[in-house]
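One-based numbering, in listed order, for ligands and for the atoms of each. The shown structure was predicted, so the numbers you read here are calculated from the model rather than taken from an experiment. Below, each value reflects all heavy atoms present in this structure, side chains not excepted, and no hydrogens, waters or symmetry copies.
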Amino acid sequence: MLTVAVLISGAGSNLRALLEAAAHPDFPARVIAVGADREADGLAHAEEFGIPTFTVAYSAFPSREAWGEELAEQLDAWKPDLIVLSGLMRLLPASLVARYAPRIINTHPAYLPEFPGAHGVRDALAAGVDSTGASVIVVDDGVDSGPLLAQERIPVLPGDTESTLHERIKPVERRLLIDVVRRIATGELTL
Ligand code: GAR
């Protein structure tokens with residue numbers, strides 16, 4: 001059974017989908033802990049599923065490195081086989097990436113390498129493209145620059161706002177994320 005720790009910053013809707021999938025007895029992975037870099041609403045989903053949570057508030061540390069050291073201590077306590085960044089809106093320090101690489105994956109609401117960064121949906125809309133997408137990647141030292149594990153195109157529709165487009169992207173992200181975690185757990189996909 002593959003053990004998974006998930007890191008979030010926000011609402012955790014993709015986390016919830018993963019928790020629901022992983023609660024199924026046939027799913028080959030289990031979420032063992034959920035962490036956040038702030039008091040994230042999404043931690044409530046983990047609590048509902050009886051999964052332990054932790055918060056390492058970015059604002060409480062003098063530097064990204066110091067925050068990363070405490071985050072690594074928390075993660076080490078769970079010894080996860082895989083770390084999923086599911087809406088974690090912080091870059092991990094290189095030392096933390098190196099400690100777990102290539103076992104950290106990230107979801108992103110764009111068709112990478114198009115529109116990396118914190119505003120993938122907004123940037124796609126601003127560019128006036130007629131399609132964007134959803135991606136799941138391995139985390140490396142860059143900003144959304146690691147190897148692609150899965151991605152899918154999603155059309156931008158006339159009248160789309162950042163919110164309507166993001167809400168159409170998220171179900172695709174969830175499906176891709178759950179499938180990638182399943183394939184890593186079964187050994188179909190090697191990181
Ligand atoms: C997701 O769309 C995720 O891909 C994105 O934040 C959203 C989190 O939603 N992450 C990034 O943009 C990272 N660059 P959620 O909290 O409802 O799951």
Show your working on side chain to side chain contact (heavy atoms under 4.5 Å, CB included) between Val181 and Ile105 and close with a plain yes or no. CA-CA 9 Å; Val181 171; Ile105 66 174; 4.3 Å; yes

Could you go step by step and tell me if Leu85 and Leu92 meet the side chain to side chain contact (heavy atoms under 4.5 Å, CB included) rule? CA-CA 10 Å; Leu85 310 187; Leu92 295 177; 4.0 Å; yes

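Taking atom 3 (C) of ligand 1 as the reference point, the nearest protein heavy-atom neighbour is Glu173 OE2, 3.4 Å. For atom 18 (O) of ligand 1, the closest heavy atom belonging to the protein is Asn14 N, 2.9 Å. The single protein non-hydrogen atom nearest to atom 17 (O) of ligand 1 is Ser13 OG, 2.6 Å, given as residue, atom name and distance. Among all protein heavy atoms, the one lying closest to atom 13 (C) of ligand 1 is Met89 SD, 3.7 Å. From the protein, the heavy atom lying nearest to atom 5 (C) of ligand 1 is Pro109 CD, 3.8 Å.
The closest approach between any non-hydrogen atom of Gly117 and ligand 1 is below 4.0 Å. The shortest separation from a heavy atom of His166 to ligand 1 is under 4.0 Å, placing the residue in contact. Within the structure, the closest approach of Ile8 to ligand 1 does not fall below 4.0 Å when heavy atoms are considered. Not close to ligand 1: Gly42, with no non-hydrogen atom less than 4.0 angstrom away.
Those atoms of ligand 1 that come under 4.0 Å of a heavy atom in His108, given as number and element, are 4 (O), 14 (N). Counting the atoms of ligand 1 from 1 in the order shown, those under 4.0 Å from a heavy atom of Ala11 are 16 (O), 17 (O).
Nearest-residue assignment for atom 16 (O) of ligand 1 (options Gly87, Gly12, Ser135; heavy-atom criterion): Gly12.
Leu112 approaches Ile137 most closely through the heavy-atom pair CD1-CG2, 3.7 Å.
The shortest side-chain heavy-atom distance between Val84 and Asn14 does not fall under the 4.5 Å cut-off.
In this structure, Arg183 pairs ionically with Asp179, as a charged nitrogen and a carboxylate oxygen lie closer than 4.0 Å.
Within the structure, every pair that satisfies the salt bridge (Lys or Arg N to Asp or Glu O under 4.0 Å) test and touches residues 40-49, not counting sequence neighbours, is listed here: Arg16-Glu48.
With hydrogens and angles ignored, the 3.5 Å screen pairs no side-chain donor or acceptor of His108 with any backbone N or O of Pro113.
In this structure, Arg153 satisfies the cation-pi test against Tyr111, with its NZ or CZ atom closer than 6.0 Å to the six-membered ring centre and inside 45 degrees of the ring normal.
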